[in-house]
Each structure stands twice: as C-alpha cells, then as structure tokens.
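These numbers come from a predicted model, not from an experiment.
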Amino acid sequence: MKKFFLLSFMLLISYPVFSQSLKGKVVINDFEGNEYPVDSASVSWLNTDIISYTDADGKFEISTEKISDKYLIVSKDGYFTQMMEITNEKYKIIRLKPFQTEEIVIIEKTDKEKAKDKVSREDVVDSKDLEKSACCDLTGCFGHTGNVEVSVSDIVTDSKELKLLGTDGVYAQTMIEGIPIFNGLASVYNLSTIPGVTINSITISKGSNSVIQGYGSISGMINLVMKDYNSSDNLLLNAYTNSYLEKHFNSNWKLNLNNIKSFLSFHTVQKANRVDDNNDGFLDLPLITRYALYNKLNAGDPLLNDWSGYLSFRYLDENRVGGQVNLNNSPESYTDLYHQIVNTYRYEITGRINRRLSETSSLILQAGMSNHKQNSVYGLTNYNADQSDVYANLMLDLPYNHHNLKAGISYKYLNLTENVSFIQNNFNKTYSGDYEFKESIPGVYAENKFEVVHDKFDLTTGLRLDFNSNYGTIFTPRLMFKYMFDESLSLRGSLGSGFRTPEIFTENQNIFSSSKDLIFPQFIKGEKSINWGLSLLKEFHFGENDIDIVIDYYSTFFKDQFIADFDESPDAVIFYNNSENSSTNSFQTEINSKFNNGLELKLSYNYLDATFNKNGIKTELPFNAKHRAMISITFETEERNWLYNLNTQFYGKQRLPSTVTNPIEYQRPEYSDPFFMLNNQLTYKTSFYEFYTGIENLLNYRQENPIISANNPFGKYFDTTFNWGPTKGREFYFGVRFKLN
C-alpha cells in the first residue's frame, strides 16, 4: 500500500499532457490570500490575432499551434496587463493586480459555493447561519448542520465535545485557521469558551483530508476562520441573557493603524441563578464566570505586497462551578457538599507569514503556541494540569501546469503535567500521583492536486512522514478525488490513514466524579486508523431557486483503538488498546434548498453503526444514536428585517453501559429513549440594532434522573456520566446586537 501511494504521487507530479493548446486560469487574490476568478479577461499571443476570453470561473483555453514566440498577454479593464513567456507549460495560473485595490469590487463566491469547488467533502457554516441561533459559543454553532453532533460529556460542568462521523470528539481535528492547537486539555472546556460573534465561518471536512496539518484528522477536520479587520463591523456590541439569568456580553471593534489593521474582541459571561427544576439536589447548569480577550493584527496585502500576514493573541480566564444547589465553593465544605470546580487559564498566539515568490508561487509559515492551566475539583478528587503546545509549519505552494504542489516541513511539541490526588479515598482508588507526558513530532510532507481531465476529474494525493518521540516513524498516505459527471452532478471520494495519541485523564475527566477506580496499562499504544468515503452531490437550479442533494458514506477502521470499558467491572473503568476489530460506519443524506421568496429548508438523516469486538463478540459503543435526523426551516422577509428559524432534531435510542450490578434503584435500562429537540429564534433588524429572542428545548423534554445516586454523591454508586439527552428544560433567551459599519 505504501509503495502504491508513493508511486501514484510521483506519477501524478510528472504526468505529461499532450495538447495543441494552452489551458489556464486568471485569478485575483484578496487580503487573506483567498483566490477568486476573473471573468471576461482577454488572453492573446503577442503579434498575432489569436485571442481567447476567460469564462465565469476564470478559465481559458488558447491554441498554441504554429506559435513560435510564445509571449502571452492577459488584460482586463481596471487591472495591470500581464505579459509572460510560455515555455513548455500546458496549464498556467495567472494572477492579475488591480490599479488601486480599494476601488476594485470583487464579486466573490460565498464560502458555501467555494466549498463545492474543493476536492474534499466540505460543509460550511457561514455568518448567515450563525445568525439563526444565539451562538453564544462555538458548541452552539452547529445546530443547522447534520454533519456535527454536539454531545454533553459531563452533566455537572456542562462540558461538550464535537463528534464527526459518530466518533468521539478527539478523533476530529479542530483548528483555528489551519493551526491545530485544540489538543489535550484544550479539547474539553476550551471549545465552549470561543464566542460565536468572533467566528467568521466554520469549515467541516469529513473523512480523510489534507496531510498538511498532520496525521491527527481521523474522522475529519473542523476549521474556524476568525473575524478580522476585513470581515468585522466597525463596532459590534452584543448582550444576551436567558431564563436562568446567565449573562453574556461581547464587543468587537476594528482599527486601521496605518500599515497594521487590528480586530479586537472582548467577551465575558456572568453566572446564572441557582436552578434545580428536576429537584435532584443538583444545579441544572453550572455557575460560569468568564473573561476572554482576542486581538488579530493583519499587515500587507497579497495583491500588492510580496510580504503579508497576521498575528493573533487570545487570553482566557474562566471559573466553572457545578454540583449540589447549596454549594458555597469553599474547600472546607468539599466533604459535606458535592462540588465540581474547574478553573481555566489559557493564552494562545497564532500567526501566518506569506512570502510571494512569483505570480503563482509562495512560501507560507504558520505557527502557534499556547499554555493551558487547569485547577479542578471533582467531588473528592483534585485534578491539576498544565499543558504547553508549540506548532510550526513551513510550506511551499507551487502551482505549475495542471498541478498544484504543496510541500513542507512541520514541528509539533506538547508537554503535559498532571497531578491527581484524593481529598478522601473511601473506595481505595489507585490512580493518584504525578504524571508527565511529552511528545515531539517533526515531520515532512508533500501534497499534489492534479487536474487529470480539464473541468472533469481532479485528484489530490498526499504523503507525510512524522517522527514521533514516543511511537517512532509514522507514515500517512492520503488520497482524494472529485469527478464531475456534468455541471450539476459530482462524486467525491477519499482514502487515507490516521494516527492518534490517547490521553487518559484529559479525555475522561467526567469519570473523576464517580466512585469507580481507573485501571489502565503502563504503556498505551497509539491508535491507528484507515478511513474511506464517498460523497455524491446533485444540484438543481430553477431560476433563483436552488436545491442540493448530498449522499455520504464513510467508514473508519481502527487498530489498537483505546477503549474505556464501563461494562467489565462495576467498581472500575478498564482502559485498554483493543486488539480486535473496531469500526464506525456512517451514512448521511442531506437536502439543502434555497428559494427566492426568502425561504430556506435543510433536511438531514444520519445512520451510524459504531462497534468494537470484545472476546469475539460485536458490541455497540455506548452513547451513540443509530438514527439521527434534522429539519431546519428559515424564513427571511424581502426587506431582510425579519428572520425566523425553526430547528428540529431527532435522536434515536442509544446503548447505555451496563448497571445490572447496581441496586435496583440505581439501575438504568439497556437503551435510552428516543427524543426530539425543538429550537426556534426570531430576529428583528434595524439600521443599527438587531433584537433576537428564542426558545431552546421547546417541548421541555429532559432525561429523567440523569445523575445516578444523586441523593448520596459520595457513595459507591454515584455517577454523573450517564447522560444521553437534555438535562435542562425549556430555556428562553433574549439578546440585542448593535452594529456600526
């Protein structure tokens, strides 16, 4: 298999095209380096009458027959004329420069339209989608896509994870503008600390993807594009509160500092009232106090400057308290009243430098570093951790002929120190102590996008070689293709491997709250995976009405998958690398429609088969719904001053861990109940203000008795990990945005 991928990649780089014509594309780049086609540009040979024009996608084809002096001239009103010598090229990408950047208006495709041009299977949550719900933080931004499932991993602290293809959140690589810094500790609570008003768009890539960001994308990638000077309002003020009286406030503003353009954002959350609607003695939602600051600085213009880039900084200070209703957050009361307290302090710095080497090629440096401290109490267990991350990626972007080669070197470093101690150890738990984990990963990679058949068949092959300080050499081949049957029907496919380092404590903090012991091997193997998938897209256009139908199938096979086994022992969670088969198979069909009367309709259905073999017996992974569906209806008036959205989600039954050894009052059924979730929001817009109000969990459905043995939180059977549905009832909210453009 390795030889096949390597041979395929080398053949595609050197593949010749025999033709009596030159094909190419004329483009322009915006401030961020995003590429847009230039239509109706003239393309001609010097001193001849042979001329061609670019189409709506910026593509052209011009005859080379009997052309000896191959000097190509490309021109369009408002742009500098380009003249270049063509040697043996059969495909040429030409970038035009405008006379004055600020006077050029680029009619660009939306992010969703651009996703249809990509080889990989992508779904985009754009700024329009983010207006359909409150989107107070990142985990609330996926209610209108069927590709991502947001799951609550701990009831008491309301920690959440993002699932792709039915796998746990750790298998999806979450990034900020292509930089993977959501690792370890950051993957648990950091996701819910990024306010939605600072996000410009979210790209969801399913299955095997690019090798550029590393080997960690097993089920796919979630990439956040943050707002900057160009995409932000001059001033945005946002205030929000809900029926629990939790308060959110956000402010965004931008400044033009000569050659530096700045975007600055401040975010705070103030704690809710103490609410216990289900009368189990525990708070229905944690008491959160949060302060976050984000600043992004842009310099240079890819249209006019050889150097450009950005630098961003983010700081977070959060206190999250959950537990019994009358807790007082005092260490002296920890043995009398059940507490879960998580204090988080985090800073991160990310940046990108783009050096243009020619009209088509560039050298790109991406880098990021972060430090994440967490001091926490889970009942009678103290967990304190400190994590530092460093990431750097130097890449050469070299389009030539009908290829686009990206190659480079990368480095990733992680240092995690953890301390686990017990305030009391009534059940003889054995996992207290100091733990340290270090990982250093230098790597090299190459990825080539190849237009096999013009406007028909694109193929991307990628290889990377990493040298993990704990697991040795890791080889990662990836392949993606897109085939256009016609302008409205396309097929995408992907195949590739992945690798992941399991982390016991950071990924399973919810287990700290129970009386169970944690049993795990001294040496943990890395998880290996192979993922393949197919995606079929059919587009229908009726005037200004559009309907897209997408059918996906993805399959992931694991080797040495790290399993947390809740069924093996009533007194412990057993961790081990599973030497038997583990796999997930995901099927999804989705219909997206947009009509000229302001109506948008989205429907999706997901089927998931997630299993592992235990002693030769096929077993379902717990807390996964086999059937999941969504209907999202949005209507916007012609004047665009009223916006209404109704979102309905259905979750089928889920297998639950066995509780047969518990006393009868603490036992739970083998499967959960199926349920519906209905959310809606109404927004009214004026010139400067937007008022929005909504109801989440409109049907007021909630899981009964989500906490096992809530009446005895320090007892043997106490467990807060048994959540499979909503634990909060109906929630009302109201917010207002002030925008100055």
Engineer: Looking at Lys618, I'd like to know if its NZ atom is crowded, meaning that more than 12 non-hydrogen atoms belonging to other residues, nucleotides or ligands lie closer than 6.0 Å.
Structural biologist: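 Counting neighbours around NZ of Lys618, 12 or fewer heavy atoms of other residues, nucleotides or ligands fall under 6.0 Å, so no.
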Engineer: Is it the case that the side chain of Gln654 and the backbone of Ser672 share a donor-acceptor pair, with hydrogens and angles ignored and the cut-off at 3.5 Å?
Structural biologist: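 No; judged by distance alone, with no hydrogens or angles, the pair does not exist.
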Engineer: Checking side-chain polar atoms at under 3.5 Å, does Gln213 have a donor or acceptor matched by the opposite partner on Tyr391?
Structural biologist: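 Tyr391 and Gln213 do not have a side-chain donor-acceptor pair below 3.5 Å.
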Engineer: Which pair of non-hydrogen atoms, one from Lys429 and one from Phe512, has the smallest distance, and what is that distance?
Structural biologist: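 Closest heavy-atom pair between Lys429 and Phe512: NZ-O, 3.9 Å.
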Engineer: Tell me, do Ser586 and Asp552 make a side-chain contact under 4.5 Å, heavy atoms counted?
Structural biologist: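 A side-chain contact is absent here, since even the closest heavy-atom pair is not under 4.5 Å.
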Engineer: With a 4.5 Å limit on heavy-atom distance, are the side chains of Glu161 and Lys163 in contact?
Structural biologist: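 The answer is yes; the side chains approach within 4.5 Å.
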Engineer: Distance-only, no hydrogens or angles: does the Gln366 side chain make a donor-acceptor pair with backbone N or O of Met395 under 3.5 Å?
Structural biologist: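 Absent.
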Engineer: Could you state the interatomic distance from OG (Ser219) to CG (Asn147), rounded to the nearest 0.5 Å?
Structural biologist: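 The OG atom of Ser219 sits 11.5 Å away from the CG atom of Asn147.
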Engineer: Does the side-chain hydrogen bond (donor to acceptor under 3.5 Å, both in side chains) test come out yes or no for Tyr383 and Gln374, once each step is laid out?
Structural biologist: CA-CA 8 Å; Tyr383 174 69; Gln374 178 179 319; 5.9 Å; no
Engineer: Looking only at the side chains, is there a donor atom on one of Thr501 and Glu439 sitting less than 3.5 Å from an acceptor on the other?
Structural biologist: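 Looking only at side-chain atoms, Glu439 and Thr501 do form a donor-acceptor pair, the distance falling under 3.5 Å.
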Engineer: Here's a test for you: under side-chain contact (heavy atoms from CB on, under 4.5 Å), which of Ile155, Ile707, Thr659, Asn510 qualifies with Phe722?
Structural biologist: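 Going through Ile155, Ile707, Thr659, Asn510 one by one, the side-chain contact (heavy atoms from CB on, under 4.5 Å) with Phe722 is satisfied by Thr659 alone.
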Engineer: Which value, rounded to the nearest 0.5 Å, describes the distance between Tyr189 atom OH and Asp154 atom CG?
Structural biologist: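 So the OH of Tyr189 and the CG of Asp154 are separated by 5.5 Å.
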Engineer: So, does Asn647 use its side chain to make a donor-acceptor pair with the main chain of Gly143 at under 3.5 Å?
Structural biologist: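 Flag set: sc Asn647 to bb Gly143 pair under 3.5 Å.
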Engineer: Give a yes or no answer on whether the side chain of Asp609 reaches the backbone of Asn585 with a donor-acceptor pair at less than 3.5 Å.
Structural biologist: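 Not confirmed, Asp609 side chain does not pair with Asn585 backbone.
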Engineer: Among all residues two or more places apart in sequence or in another chain, which pass the ring-ring contact (aromatic ring centres under 6.0 Å, His included) test with Tyr554?
Structural biologist: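 ring-ring contact (aromatic ring centres under 6.0 Å, His included) list for Tyr554, sorted by chain: empty.
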Engineer: Within this structure, what is the CD-CG distance for the pair Glu670 and Leu656, rounded to the nearest 0.5 Å?
Structural biologist: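 Going from CD on Glu670 over to CG on Leu656, the span is 8.5 Å.
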Engineer: Under 4.0 Å between a side-chain nitrogen and a carboxylate oxygen: does that hold for Arg500 and Glu527?
Structural biologist: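 Here Arg500 pairs with Glu527 in a salt bridge, since their nearest N and O are under 4.0 Å apart.
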Engineer: I want to check something: taking the side chain as every heavy atom from C-beta on, are Met484 and Phe457 in contact at a cut-off of under 4.5 Å?
Structural biologist: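 SC-SC contact between Met484 and Phe457 ruled out.
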Engineer: For residues Thr461 and Asn448, is any side-chain donor paired with an opposing acceptor at under 3.5 Å?
Structural biologist: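 Side-chain D/A pair, Thr461 to Asn448: absent.
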Engineer: Could you walk me through whether Tyr431 and Phe575 pass the ring-ring contact (aromatic ring centres under 6.0 Å, His included) check?
Structural biologist: CA-CA 12 Å; Tyr431 58 90; Phe575 294 89; 9.3 Å; no
Engineer: Side chains of Ser217 and Asn209: do they bring a donor and an acceptor to under 3.5 Å?
Structural biologist: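 On atom types as modelled, these side chains do not qualify, holding no pair under 3.5 Å.
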Engineer: Would you sort out whether Phe650 and Tyr605 count as a ring-ring contact (aromatic ring centres under 6.0 Å, His included), showing the intermediate values?
Structural biologist: CA-CA 9 Å; Phe650 168 77; Tyr605 166 75; 8.9 Å; no
Engineer: Among side-chain atoms of Arg346 and Thr193, is any donor-acceptor pair under 3.5 angstrom?
Structural biologist: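 The criterion, which ignores hydrogens and geometry beyond distance, is not satisfied for Thr193 and Arg346.
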Engineer: Do the charged groups of Glu447 and Arg478 touch, with an N to O distance under 4.0 Å?
Structural biologist: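 Salt bridge absent between Glu447 and Arg478.
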Engineer: Taking Glu122's backbone N and O only, do any of them form a donor-acceptor pair with Arg492's side chain (distance below 3.5 Å, no angle check)?
Structural biologist: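 Absent.
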Engineer: Please give me the minimum heavy-atom distance between Ala172 and Leu164, naming the atom from each residue.
Structural biologist: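 In terms of heavy atoms, the two residues are closest at CB-CD1, 3.9 Å.
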Engineer: Would you say Phe520 and Val573 make side-chain contact, with heavy atoms under 4.5 Å?
Structural biologist: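 Not in contact.
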Engineer: Would you say Glu149 and Ser151 are linked by a side-chain donor-acceptor pair, where the criterion is simply a distance under 3.5 Å?
Structural biologist: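 There is no such pair between these side chains.
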Engineer: I'd like to know whether CD of Glu436 has more than 12 heavy-atom contacts from other residues, nucleotides or ligands below 6.0 angstrom.
Structural biologist: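 Correct, the count exceeds 12.
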Engineer: Between Lys456 (side chain only) and Phe485 (backbone N and O only), is there a donor and an acceptor less than 3.5 Å apart?
Structural biologist: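 Side chain of Lys456 to backbone of Phe485, a donor-acceptor pair under 3.5 Å: yes, one is there.
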Engineer: Given side chains that start at C-beta, do those of Val125 and His144 come closer than 4.5 Å, heavy atoms only?
Structural biologist: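 No, too far: nothing below the 4.5 Å cut-off.
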Engineer: Indicate the atoms forming the closest heavy-atom contact of Asn577 with Lys525, along with that distance.
Structural biologist: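 Minimum heavy-atom contact is OD1-N, 3.0 Å.
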Engineer: Could you list the residues that satisfy ring-ring contact (aromatic ring centres under 6.0 Å, His included) with Tyr215, not counting sequence neighbours?
Structural biologist: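 Partners of Tyr215 by the ring-ring contact (aromatic ring centres under 6.0 Å, His included) criterion, ordered by chain and then number, come out as Phe499.
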Engineer: Please confirm whether the backbone N or O of Val152 pairs with a side-chain atom of Asp158, one donor and one acceptor, at under 3.5 Å?
Structural biologist: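 No, because the side chain of Asp158 does not come within donor-acceptor range (under 3.5 Å) of the backbone of Val152.
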Engineer: For Ser515 and Tyr717, work out which heavy atoms get closest and say how close.
Structural biologist: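 Minimum heavy-atom contact is OG-N, 4.1 Å.
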Engineer: What's the separation between atom CG in Asp389 and atom CG in Leu416, rounded to the nearest 0.5 Å?
Structural biologist: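 Answer for the CG-CG pair, Asp389 versus Leu416, is 9.0 Å.
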Engineer: So which heavy atom on Ser410 is nearest to which on Arg464, and how close?
Structural biologist: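 Closest heavy-atom pair between Ser410 and Arg464: OG-NH2, 2.7 Å.
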Engineer: Any chance the side chains of Tyr671 and Glu620 put a donor and an acceptor closer than 3.5 Å?
Structural biologist: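 Note: Tyr671 and Glu620 side chains meet the donor-acceptor criterion.
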Engineer: Taking Asn223 for its side chain and Glu177 for its backbone only, find out whether a donor-acceptor pair lies under 3.5 Å.
Structural biologist: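 Checked: pair present.
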Engineer: For the residue pair Ser440 and Tyr411, confirm or rule out a side-chain donor-acceptor distance under 3.5 Å.
Structural biologist: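 There is such a pair (donor and acceptor under 3.5 Å, judged by atom type) between the side chains of Ser440 and Tyr411.
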Engineer: What's the spacing between Arg121 CZ and Leu537 CG if we round to 0.5 Å?
Structural biologist: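 Rounded to the nearest 0.5 Å, the CZ-CG separation comes out at 8.0 Å.
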Engineer: Roughly how far, to the nearest 0.5 Å, is CE of Met630 from CD of Glu590?
Structural biologist: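 Spacing of CD (Glu590) from CE (Met630) equals 6.5 Å.
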Engineer: Judged by modelled atom types alone, do Ser513 and Thr720 share a side-chain donor-acceptor pair under 3.5 Å?
Structural biologist: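 There is such a pair (donor and acceptor under 3.5 Å, judged by atom type) between the side chains of Ser513 and Thr720.
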Engineer: Under 3.5 Å, side chain of Asn393 to main-chain N/O of Gly408, donor-acceptor pair present?
Structural biologist: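 No.
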Engineer: Partners of Phe142 by ring-ring contact (aromatic ring centres under 6.0 Å, His included), sequence neighbours excluded?
Structural biologist: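 Partners of Phe142 by the ring-ring contact (aromatic ring centres under 6.0 Å, His included) criterion come out as none, since no residue qualifies.
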Engineer: Using the side-chain hydrogen bond (donor to acceptor under 3.5 Å, both in side chains) rule, pick out the option among Asn592, Thr145, Thr203 that qualifies with Asp123.
Structural biologist: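 Passing option: Thr145.
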Engineer: Report the C-alpha distance between Phe623 and Leu621 in whole Å, list the side-chain angles of each, state the deciding distance to 0.1 Å, and finish with yes or no for side chain to side chain contact (heavy atoms under 4.5 Å, CB included).
Structural biologist: CA-CA 7 Å; Phe623 302 116; Leu621 285 170; over 6 Å; no
Engineer: Taking everything shown except Ile530 itself, do over 12 heavy atoms lie less than 6.0 Å from its CD1?
Structural biologist: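 No, the 6.0 Å shell around CD1 holds no more than 12 heavy atoms from other groups.
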Engineer: Any chance you could lay out the ring-ring contact (aromatic ring centres under 6.0 Å, His included) test for Phe675 and Tyr651, step after step, and finish with the verdict?
Structural biologist: CA-CA 6 Å; Phe675 64 92; Tyr651 294 84; 5.0 Å; yes
Engineer: Within the structure provided, determine whether Met677 and Asn697 are in side-chain contact (heavy-atom separation under 4.5 Å).
Structural biologist: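 Of all side-chain heavy-atom pairs linking Asn697 with Met677, at least one is under 4.5 Å.
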Engineer: What pair of heavy atoms forms the shortest contact from Ile218 to Ser529, and how long is it?
Structural biologist: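 Smallest heavy-atom distance, with atoms named: CG2-OG, 3.3 Å.
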Engineer: Taking 4.0 angstrom as the limit, do Lys160 and Asp137 come out as a salt bridge?
Structural biologist: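 So Lys160 does not pair with Asp137 through a salt bridge.
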Engineer: Kindly say whether Asn662 contributes a backbone atom to a donor-acceptor pair with the side chain of Gln667 at under 3.5 angstrom?
Structural biologist: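 Pair found, side chain donor or acceptor close to backbone of Asn662.
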Engineer: Quick one: does Asp466's side chain get under 4.5 Å of Lys412's, heavy atoms only?
Structural biologist: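 With C-beta onward as the side chain, the pair stays apart.
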Engineer: Here's a test for you: under side-chain hydrogen bond (donor to acceptor under 3.5 Å, both in side chains), which of Lys559, Gln561, Lys614 qualifies with Ser582?
Structural biologist: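 One option only clears the test, and that one is Gln561.
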